[in-house]
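Keep in mind the model is a prediction, meaning the values are calculated, not measured. Note that the numbering runs from 1 along the sequence shown for the chain. Only heavy atoms go into these numbers, but all of them, side chains included; no hydrogens, no water, no symmetry mates.
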Amino acid sequence: MEERGMEEVEPASVEDKPAAEKAVEEGEAQKTEDSTAQNKGTEERKMEGEVDVEGEMEGEVEVVTPCPTESHGLQGTIKGHDLFGYVGIEAVLDQMRRKTMKAGFEFNIMVVGQSGLGKSTLVNTLFKSKVSRKSCSPNYEEKISKTVKLQSVSHVIEEKGVKMKLTVIDTPGFGDQINNENCWEPIVSYVNDQYERYLKEELYVNRKPRIPDTRVHCCVYFLPATGHWLRPIDVEFMKRLGKIVSIVPVIAKADTLTMEERLEFKQRVRQDLKANGIRVYPQTEYDEDPEDRILNDKIRENIPFAVVGTDKEHQVNGNKVLGRKTKWGIIEVENVAHCEFTNLRDLLIRSHLQDLKDVTHNIHYETFRVRRLNESNLTVHGLALSCFPMENGTHGTNGTSDRSESESHL
């Protein structure tokens, strides 16, 4: 009985084995069908998402895509239409405006050129006030200086509540000698001295809340209206000064040239500037975006500006205008058809004044600062070596004192 039972059980187990395998296969098939259906659903949702995104793109709604950053995880961009309501971020512009109007700002302009080119008159015309050194001296006598002596005069100009401390640096004696060799050296030294003064103020432990800025933000270089090419003194000066300050060349007393002569002279000057590698403001490499590039390209096409300066007014068609009266008529200073004074004024004051200050601080001064600090580190390192004990166990006699003097000098 037991053997027969065993015999009966064994066939039953053999018959149940294919059934189990079938069940396993059916389960795997069911899983495969479920995953396939899930993948299809995911793809359908993705397709719907893409359609939604395309619809949003067509509706000009920007999709915010967070991007990982090194220190703060995710970072995204939220536009105004994505905000729940008014936040007031734009009010920071009013805050900056109020602070600037209270504190005011500084602008330092240098005029360089030989005597008789109308430097003082042009500066007075630019700011429509007597701000030049010649205008501020009651008993001024025009004398040709034997050497280049830089003189500055400062004024506080206020217009519609905005205060600007204007400093005009004049360079009497430049280019007036028979031998003008190295006549640019006093000017180069002056520009670097202002950078050095600013650097010292920055390195003090207890710094002033606001460091006085005497750095030269712009140098207007006056070219005589010869109608020919740049003179050697012009090339040498702008080649050296262009590396440490923003230079804007102008053709002085441009009313002495005809329109054809003016265009030919401007073209020759641009060719000379390019041939000698002279960098004048605004430089191409400082254009921040396409909009700036378009604006600056128009300015670069008009450099050097052909200007006329005067502080006298005349009646033209019942209106008072700044101009120079001749036998043939009145040359209007602010008329674009007569000269390019308005282009120069817009560049220096109305459109690029802050950019001139930024280029001075971020480019020219930064280059000077890096060079001076590298020189200081080399000097301090050499002095520190002299402080190590010598063979007889003594220290350098002047090592510590020299090091402290070097650091305080900066």
Quick one: does [X]'s side chain have a donor or acceptor within less than 3.5 Å of a partner on [Y]'s backbone?
X	Y	result
Lys325	Ile330	no
Thr125	Thr310	yes
Asp272	Trp229	no
Ser351	Asp346	yes
Asp289	Asp292	yes
His338	Glu332	yes
Arg215	Asn108	no
Arg270	Ile303	yes
Arg324	Asp255	no
Asn124	Ser132	yes

Taking all non-hydrogen atoms of both residues, which atom of [X] and which atom of [Y] are closest, and how far apart?
X	Y	value
Arg268	His228	CD-O, 3.4 Å
Ile233	Asn180	CD1-CB, 3.9 Å
Thr171	Val111	OG1-O, 3.1 Å
Lys119	Asp170	CE-OD1, 3.6 Å
Phe237	Val112	CZ-CG1, 3.7 Å
Glu261	Thr256	OE1-O, 4.4 Å

Euclidean distance, [Y] [atom2] relative to [X] [atom1], rounded to 0.5 Å:
X	Y	atom1	atom2	value
Met164	Glu106	CE	CD	11.0 Å
Leu344	Ile251	CG	CD1	12.0 Å
Phe127	Leu166	CZ	CG	4.5 Å
Phe222	Phe174	CZ	CZ	12.5 Å
Ile169	Cys218	CD1	SG	10.0 Å
Leu263	Lys266	CG	NZ	7.5 Å

For [X], is the [atom1] atom crowded, meaning more than 12 foreign heavy atoms sit under 6.0 Å from it?
X	atom1	result
Arg210	CZ	yes
Glu288	CD	no
Arg97	CZ	no
Gln315	CD	yes

Q) Are side-chain N/O atoms of Thr342 and Glu334 paired as donor and acceptor at under 3.5 Å? A) no

Q) Among side-chain atoms of Asp287 and Asn296, is any donor-acceptor pair under 3.5 angstrom? A)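 Yes, a side-chain donor-acceptor pair sits under 3.5 Å.
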
[X] versus [Y]: any side-chain heavy-atom pair under 4.5 Å?
X	Y	answer
Ile363	Gln283	no
Phe105	Gln354	no
Met110	Leu150	yes
Leu126	Phe341	yes
Leu117	Lys253	no
Pro282	Ile299	yes

Q.
Under the criterion side chain to side chain contact (heavy atoms under 4.5 Å, CB included), I'd like the reasoning laid out for Thr360 against Asp213: C-alpha separation, chi angles, the key distance, then a yes or no.
A. CA-CA 11 Å; Thr360 300; Asp213 191 1; over 6 Å; no

Q: Mind running side chain to side chain contact (heavy atoms under 4.5 Å, CB included) on Lys357 and Leu353 for me, showing each step along the way?
A: CA-CA 7 Å; Lys357 298 183 66 175; Leu353 188 148; 4.1 Å; yes

Does this structure show an ion pair linking [X] with [Y], if we count only N-O contacts that are shorter than 4.0 Å?
X	Y	result
Arg300	Asp297	yes
Arg197	Glu201	no
Arg262	Glu340	no
Arg279	Glu285	yes
Glu375	Arg372	yes

Q.
Name the residue from Val250, Val307, Ile247 that meets the side chain to side chain contact (heavy atoms under 4.5 Å, CB included) definition with Val220.
A.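 For Val220, the side chain to side chain contact (heavy atoms under 4.5 Å, CB included) check succeeds only for Val250.
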
(Q) Using side chain to side chain contact (heavy atoms under 4.5 Å, CB included), reason through Phe305 and Leu347 one step at a time and then give a plain yes or no. (A) CA-CA 11 Å; Phe305 298 110; Leu347 172 68; 3.7 Å; yes

**Q.** Parallel, tilted or perpendicular: rings of His352 and Tyr281 (30°, 60°)
**A.** perpendicular

Q: Decide side chain to side chain contact (heavy atoms under 4.5 Å, CB included) for Arg369 and Tyr198; before the verdict, give the C-alpha distance in whole Å, the side-chain angles of both, and the deciding distance to 0.1 Å.
A: CA-CA 10 Å; Arg369 189 185 69 86; Tyr198 195 90; over 6 Å; no

